[in-house]
Every structure is written in structure tokens, then in C-alpha cells.
Amino acid sequence: MKNKHYTIALLLLSFCALAQKPALKTEQDYYEIKTLPIPKEIYLEVGGLATMPDGRIAVSTRRGEIWIIENPYQKTNHQVHYKRFASGMHEVLGLAYRDGAFYCSQRGELTKITDTDRDGVADLYEPIYQFDISGNYHEYTYGPVFDKNGDMLVTLNLAWVGFGEGKFAKWRGWLVKIHPDGTLEPFAAGLRSPAGYSINDQGDIFYGENQGDWVGSGRVTHLAKGDFAGNPGGLKWAKEPNSPFRLTLEEIQDNGAPMYEAAAKVKNLKLPAVWFPHAIMGISTSDIIQDTTRGKFSPFPGQYFVADQGQSKVMRMGLEKVNGVYQGFCINYREGFQSGILRERFGLDGSMFVGMTSRGWGSTGKDEFGLQRLLWNGQIPFEIQDIQAKSDGFEINFTQAVDVASVKKAASYALRSYIYKYQHQYGSPIIELKNLKISAVEVSADKRKVRLVIEGLRQYFIHEFKLEGIRNGAGEPLLHETAYYTLNQIPAGSKLAVQATHRLEEAVVVKAVAVKPTKKATVISDAEAMALLKKHTCLACHAKEAKVVGPSYADIAKRNYTDKQILALVYKPNPQNWPDYATEMAPMSHVPAGDVLKIASWINGLRNKALLNHD
């Protein structure tokens with residue numbers, strides 16, 4: 001009887017221990033999203049944001065209006081007041097405030113807007129520069145961003161015809177400077193859809209690009225005068241007398257080789273500072289902003305926050321210069337915004353205002369538009385602080401001390417490298433995929449830095465880090481375990497003198513006995529399917545029954561594809577099959593065929609379930 005009571009006591013203690021085990025930390029434990037209420041009669045499809053000196057926030061919209069918001073921080077109460085400052089314009093996709101006036105980009109004009117009689121409503125609209133437009137829907141205009149000299153940077157979207165064209169309207173596909181006297185200076189070309197760009201604290205310009213023709217995946221590129229960022233749609237204007245370089249379409253190779261091979265032959269071709277792998281790190285890169293709040297906004301001062309319209313999230317980017325060239329890493333930061341993010345701006349308190357719109361551009365956020373604030377609560381998550389390239393690998397700096405035992409295990413890591421095609425076709429599959437081996441690990445005395453010696457480093461390639469087994473001193477996993485570093489330059493410097501203590505502890509592999517299957521595999525469960533879909537980031541664009549960026553799995557099931565046909569379409573999508581979706585699916589050939597076939601069997605199982613329910 002005693003043994004029985006003892007056993008029950010042990011079970012109770014075990015249950016209590018499990019019940020009291022703290023839940024894993026999530027993004028919302030550190031970064032809060034607050035939603036600003038919007039009156040029902042206002043369609044706040046945000047195109048631009050500007051923080052005014054008195055703390056008010058100005059919002060420009062795709063419907064051609066500018067609204068000024070009072071009490072946006074909601075410090076004393078939750079009531080937010082909206083006043084329409086300007087109207088009657090055409091798709092205002094950029095906004096700036098300077099010396100008492102607003103500057104905005106309409107589709108075909110850079111405009112200065114002033115309230116001369118100070119009644120809170122604009123009464124003077126002054127054209128500063130009028131851009132050519134052909135009437136193509138894709139000829140968006142973004143900006144302005146002011147530089148230190150008072151010049152205004154404006155980016156001009158390409159038209160969408162065939163594989164994208166800039167020849168219909170002058171300077172489309174370019175970043176241009178508009179001087180205070182209204183003259184235009186062409187600055188850099190090769191842009192496709194440059195919705196987001198900014199100037200950092202060093203005076204350098206960075207812009208974000210979306211996957212498309214000549215753009216294998218999302219990316220952020222540093223632009224200096226005379227740079228060509230890769231899309232040749234606007235090269236017709238490189239023949240103009242004031243163009244900063246000379247280049248023709250015929251000089252651009254179109255053979256599907258990686259972009260760095262083309263850059264070896266084309267002097268002006270600028271490689272991305274950081275690649276954002278498509279469907280993994282966003283699908284529609286938008287705004288870029290550097291954290292200059294000195295610790296108010298995030299625990300990563302000086303780093304960059306890159307928004308994504310399609311996946312309704314904010315990502316983090318860290319940069320370093322090696323041999324005078326920018327390169328660095330990207331990692332997720334905060335998901336779950338209400339609509340597709342187009343604009344980010346810091347408020348006076350260091351919080352980030354996030355402006356959103358989704359009409360015509362699908363996003364995981366369900367609302368057509370929205371305005372939210374992102375705030376950090378001051379707690380430090382266990383994260384990758386930054387990654388620096390070394391001559392023989394990388395050094396990863398963490399926000400907290402690591403558990404050395406977890407760092408020493410080979411099973412804690414999964415590293416690989418790959419790149420994309422440079423071609424006129426829309427997007428690219430991952431190519432030249434290679435698994436990487438860690439030959440040595442060194443942990444710093446404070447346990448905050450981990451140096452990895454890696455066999456097979458490849459210049460110009462994306463290096464993927466999955467650190468699923470790394471733990472901090474309390475045994476907690478990383479908040480975000482996956483990061484991507486673009487290695488444009490391998491730095492010089494001493495290599496780690498590898499010692500026995502630097503060797504990884506290899507996992508003991510037990511050879512499995514092959515068992516011949518006796519019956520046909522059954523369809524996997526919803527839980528198993530969701531785990532695979534989450535693992536391969538499929539849920540960023542698709543849901544079981546609802547339309548997101550792409551069709552629902554239930555709708556795919558209705559097409560009566562076989563499992564093998566679904567596999568072929570995942571590896572080589574056919575956008576013509578789904579003409580009602582504006583965002584084309586990227587080839588996902590890096591996903592193992594076995595996993596795709598399991599997902600395909602589950603999708604087709606949805607069709608069978610629907611038939612059963614119907615009967």
C-alpha cells in the first residue's frame with residue numbers, strides 16, 4: 001500500500017512540475033502592437049507617414065488625402081482625433097514634413113503643400129517636379145526622403161508590361177534627386193518596385209526590392225551614384241546626357257546564372273547588401289528604417305527594421321562593411337500586423353508607427369488598411385544580437401550568455417548556403433544549395449559570442465543559420481532561431497587555431513533497420529500537415545480554408561491535381577492557373593519532395609472530406 005501511495009505522489013509531483021513549467025516566450029512578450037482606432041468613414045489606406053515636431057502624426061493615403069492625427073500616443077485617453085489636411089491628389093505613396101510644409105509624391109508629381117492661413121487645412125499646392133507617366137497602373141512614385149543637403153530623393157516604379165518596362169515614361173526604374181530649385185539629377189538605376197528606401201546615420205542610401213523580373217528574391221541594396229541595381233527596364237534613359245553611367249540592355253546577360261557572375265562583367269551592377277529569402281523572410285519588401293532612438297525602440301540600436309507588405313511583419317537587418325562593401329544578416333522581429341505594411345516611422349517617444357494597406361496587394365493581415373504602433377517593453381529576449389563575417393566562418397553575438405553544452409553539440413546547428421538566378425523571368429528557385437559543416441566552435445569568456453569555423457564558405461552566397469538547439473543559461477531557446485547572412489566579401493584576418501576543445505560533440509547515429517511497407521501510406525493528420533506547412537513557411541501565403549496571399553488549400557483541392565502534379569507545381573509554379581491572384585508564387589524547389597508529397601496527400605484529403613460532408 002505504501003508503494004502505491006508513493007507512486008501516486010510521484011505522479012502528482014511530476015504533473016505539478018509539468019503544469020508549472022513556464023511557456024515558451026513569444027514576440028508579444030517583448031514587443032506590443034497597439035492599434036489606433038480609425039473612424040468608419042475614413043479609408044486610411046496608408047501610403048506615407050510623417051512625424052511632426054509637436055508629436056502629431058500625418059498620414060497620406062492612396063486615395064489622395066493627407067490626414068493629421070492628434071493624440072496618437074494615447075497617453076491620457078484612447079480617443080484619437082483625425083483632421084483632413086489635404087485632398088484631391090492622386091495616390092500619395094510618400095510623405096515628408098519639413099520647415100512647416102508637407103512634401104509628397106503623387107503618381108506624376110512631387111508636390112509641396114502648405115497651410116498659409118494656419119487654419120489647419122492646406123490651401124497652397126505647389127508642383128516641385130512633374131514626372132512622366134504613361135498611364136500604366138504599375139507606375140508608382142515614392143518619397144520624398146530628404147538628404148542632409150535638402151535635396152529630395154524620389155524612386156520611380158517600372159510599368160508592368162511583359163517583364164516590366166521603364167521606356168514608356170522617362171526615368172522610370174530610377175532613383176532621382178530633386179534639388180530645391182526643381183531640377184532633376186538621375187542618381188541610380190536598375191530599380192523595379194522600390195517602395196521603401198532610407199538614408200542611414202552615415203549618409204548612405206539603402207532601398208528594398210520585391211521579387212519579380214530580374215529579381216530572384218527580396219533584397220536590400222546600398223545605392224551610390226551611378227549604381228545599377230539589376231533590373232534593366234529603365235536603361236533606355238542611361239543614354240541621356242545627364243545619366244551617371246552608360247549601359248544598354250544588350251550588355252546584360254540573361255542566362256539564369258547568379259547575379260554575381262553578371263556583376264563581374266558589368267561594372268555598374270551593384271549586388272544586394274542583404275538577400276531576404278522569398279516566402280521565408282517576406283514576399284514583398286517595403287519600408288526600411290534604422291533604429292536611431294538610442295535604446296527606446298529596441299534592444300538593437302543602430303540596426304535596421306525592414307517591413308514586408310505581403311506577410312504583414314517587421315524584420316531586422318544588421319549590416320557591416322567588409323573591404324568597403326556592405327553586407328549582413330536578416331532575421332524575423334515581429335509578425336501579426338493587421339494589414340500589409342507599407343510605411344514605418346518613429347514617433348517622438350521611440351515607438352514605431354506602422355502604416356498599412358492591402359487593397360489589390362494581398363497580405364496575411366486581413367484588414368484592407370490600418371495604423372498601429374510597435375513598442376518594446378524594455379525586456380531583453382534571448383536573440384542573435386548580430387553576426388560578423390570572419391576569414392574562416394562567422395562570429396555570432398547573442399543578447400544573453402549561452403549554455404556552453406548546447407553550443408558544443410553538432411545537433412544544435414543546421415547550416416547551408418545557396419543563391420538565386422539572375423534572369424528576366426519572374427523570381428527564381430533556390431539554386432546551388434549546399435549543406436555546410438562546422439569544423440570548430442569557440443565560446444567567449446562571457447559566453448555571449450560564439451565563433452564558428454565553417455568548411456566551404458562561398459563568397460556572394462546566402463548563408464542560412466538554423467540554431468534550433470542553442471539555449472541560454474536558463475535553458476530557454478532563441479526567440480528567433482533562423483538568420484540569413486549575405487557574404488559579399490570574406491574578410492582577411494587570422495583563422496582560429498583549432499584545438500581539441502573546439503570540436504563539436506557529434507550525435508550518436510543509430511542505424512535504422514529498413515522495414516518494407518506492407519500497405520499504402522495514409523493521409524497525414526491536420527496537426528502533422530500544419531507542422532510541415534509552418535516549417536516550410538507555406539502558411540505565410542496560404543491557409544486551410546481562407547484566401548491569404550495565395551489560394552486556400554481547400555480551393556487547391558478542388559482542382560483535382562494528383563499528388564505528383566502538386567509536387568511539380570510547387571517546384572515550378574504556373575501563375576496562369578490562378579489568374580485572380582496578383583502575387584505570383586515563387587518556385588519552392590528547396591523543400592524536400594517527401595515533405596511536399598505529404599502535404600499534397602493532405603490537400604487532396606481535404607477534397608475527400610468535403611465530399612463526405614456533402615453526402
Side-chain angles (χ1 to χ4, degrees), residues 22 24-27 29-31 290-305 316-322 327-333 376-415 436-455 457 463-485 487 490-506:
L24 291 177
K25 297 289 181 67
T26 64
E27 292 173 347
D29 290 313
Y30 304 96
Y31 314 117
Q290 185 182 24
D291 183 359
T292 56
T293 66
R294 299 182 179 180
K296 291 181 181 179
F297 172 68
S298 81
F300 308 102
Q303 293 189 10
Y304 302 77
F305 291 85
R316 177 164 59 94
M317 179 176 74
L319 294 175
E320 63 174 333
K321 261 188 176 181
V322 178
Q327 60 188 41
F329 70 94
C330 59
I331 188 170
N332 277 320
Y333 188 73
W376 173 44
N377 64 15
Q379 297 183 45
I380 307 290
F382 179 43
E383 283 273 48
I384 294 172
Q385 178 82 37
D386 61 47
I387 303 175
Q388 294 182 330
K390 298 293 181 182
S391 59
D392 54 0
F394 297 91
E395 184 172 79
I396 304 176
N397 186 17
F398 295 92
T399 58
Q400 299 173 13
V402 299
D403 169 58
V404 176
S406 70
V407 170
K408 292 288 187 178
K409 292 180 180 178
S412 293
Y413 306 88
L415 275 63
L436 301 175
K437 181 180 179 181
I438 301 172
S439 58
V441 172
E442 182 183 59
V443 182
S444 65
D446 64 0
K447 302 179 184 179
R448 293 276 296 272
K449 294 181 179 180
V450 176
R451 183 165 176 177
L452 303 177
V453 177
I454 297 173
E455 297 179 12
L457 287 178
H463 289 68
E464 177 186 89
F465 297 81
K466 288 194 174 182
L467 311 178
E468 295 181 2
I470 301 295
R471 297 291 183 268
N472 64 7
E476 298 170 331
L478 289 157
L479 183 62
H480 298 104
E481 63 194 17
T482 306
Y484 302 86
Y485 189 103
L487 189 64
I490 299 176
S494 60
K495 300 181 185 299
L496 181 67
V498 178
Q499 303 172 12
T501 55
H502 296 148
R503 302 297 182 187
L504 283 172
E505 178 186 326
E506 298 289 341

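Only a predicted model underlies this, so the values are computations on that prediction, with no experimental measurement involved.
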Completion exercise
Residues at least two apart in sequence or cross-chain that pass side-chain hydrogen bond (donor to acceptor under 3.5 Å, both in side chains) with Thr293, listed by chain then number, are Asp291
Problem - Residue list, salt bridge (charged side-chain N to carboxylate O under 4.0 Å, His left out) with Glu464, at least two apart or on another chain - result: Arg416
Problem - Mutual orientation of the aromatic rings belonging to Phe297 and Phe305 [parallel < 30°, tilted 30-60°, perpendicular > 60°] - result: perpendicular
Exercise for the section: List the atom of Trp376, the atom of Lys296, and the distance in Å for their closest heavy-atom pair. Expected result: CE3-O, 3.9 Å
Exercise for the section: Go through the steps for Lys447 and Val404 under the test side chain to side chain contact (heavy atoms under 4.5 Å, CB included), then give the verdict. Expected result: CA-CA 7 Å; Lys447 302 179 184 179; Val404 176; 4.0 Å; yes
Practice task
Identify, with sequence neighbours excluded, every residue that meets side-chain hydrogen bond (donor to acceptor under 3.5 Å, both in side chains) alongside Asn397.
Solution key: none
Exercise for the section: Determine yes or no for a side-chain-to-main-chain donor-acceptor pair under 3.5 angstrom, with Glu481 supplying the side chain and Leu467 the backbone. Expected result: no
Problem - Shortest non-hydrogen contact from Val441 toward Ile438 - result: CG2-CG2, 3.8 Å
Practice task
Could you check if a side-chain atom of Tyr304 sits within less than 4.5 angstrom of a side-chain atom of Gln290, using non-hydrogen atoms only?
Solution key: yes
Practice task
Determine yes or no for a side-chain-to-main-chain donor-acceptor pair under 3.5 angstrom, with Ser391 supplying the side chain and Ala492 the backbone.
Solution key: no
Problem - salt bridge (Lys or Arg N to Asp or Glu O under 4.0 Å): pairs with one or both residues in residues 399-415, sequence neighbours excluded - result: none
Practice task
Would you give the length of the straight line joining atom CD of Glu505 to atom OG of Ser412, rounded to the nearest 0.5 angstrom?
Solution key: 9.0 Å
Problem - Atom pair CG/CD1 of Leu452 and Ile396 - distance to nearest 0.5 Å - result: 4.5 Å
Fill in the blank from the handout: Of all heavy-atom pairs linking His502 and Val498, the shortest is ND1-CA, 3.6 Å
Exercise for the section: Please answer whether the main-chain N or O of Ile380 pairs with a side-chain N or O of Thr399 as donor and acceptor at a distance below 3.5 Å. Expected result: no
Practice task
State the CD1-CD1 distance between Ile384 and Ile470, to the nearest 0.5 angstrom.
Solution key: 9.0 Å
Handout entry: Separation of Met317 CE from Ile331 CD1 (nearest 0.5 Å)
Key = 13.5 Å
Handout entry: salt bridge (Lys or Arg N to Asp or Glu O under 4.0 Å) contacts in which one or both residues fall within residues 380-397, not counting sequence neighbours
Key = Asp392-Arg451
Fill in the blank from the handout: All heavy atoms of Tyr333 vs all of Pro299, minimum pair found to be OH-CD, 4.2 Å
Practice task
Tell me whether the centres of the aromatic rings in Phe329 and Phe465 are closer together than 6.0 Å.
Solution key: no
Practice task
Report yes if the side chains of Leu487 and Gln327 come closer than 4.5 Å at any heavy-atom pair, otherwise no.
Solution key: yes
Problem - Under the side-chain hydrogen bond (donor to acceptor under 3.5 Å, both in side chains) test, residues paired with Glu320 that sit two or more places apart - result: Tyr485
Handout entry: Pairwise distance SG(Cys330) to NE2(His480) - rounded to 0.5 angstrom
Key = 12.0 Å
Exercise for the section: State whether the side chain of Tyr413 and the backbone N or O of Val407 hold a donor-acceptor pair below 3.5 Å, judged by distance alone. Expected result: yes
Completion exercise
Taken to the nearest 0.5 Å, the spacing of Asn472 CG from Leu479 CG works out to 11.5 Å
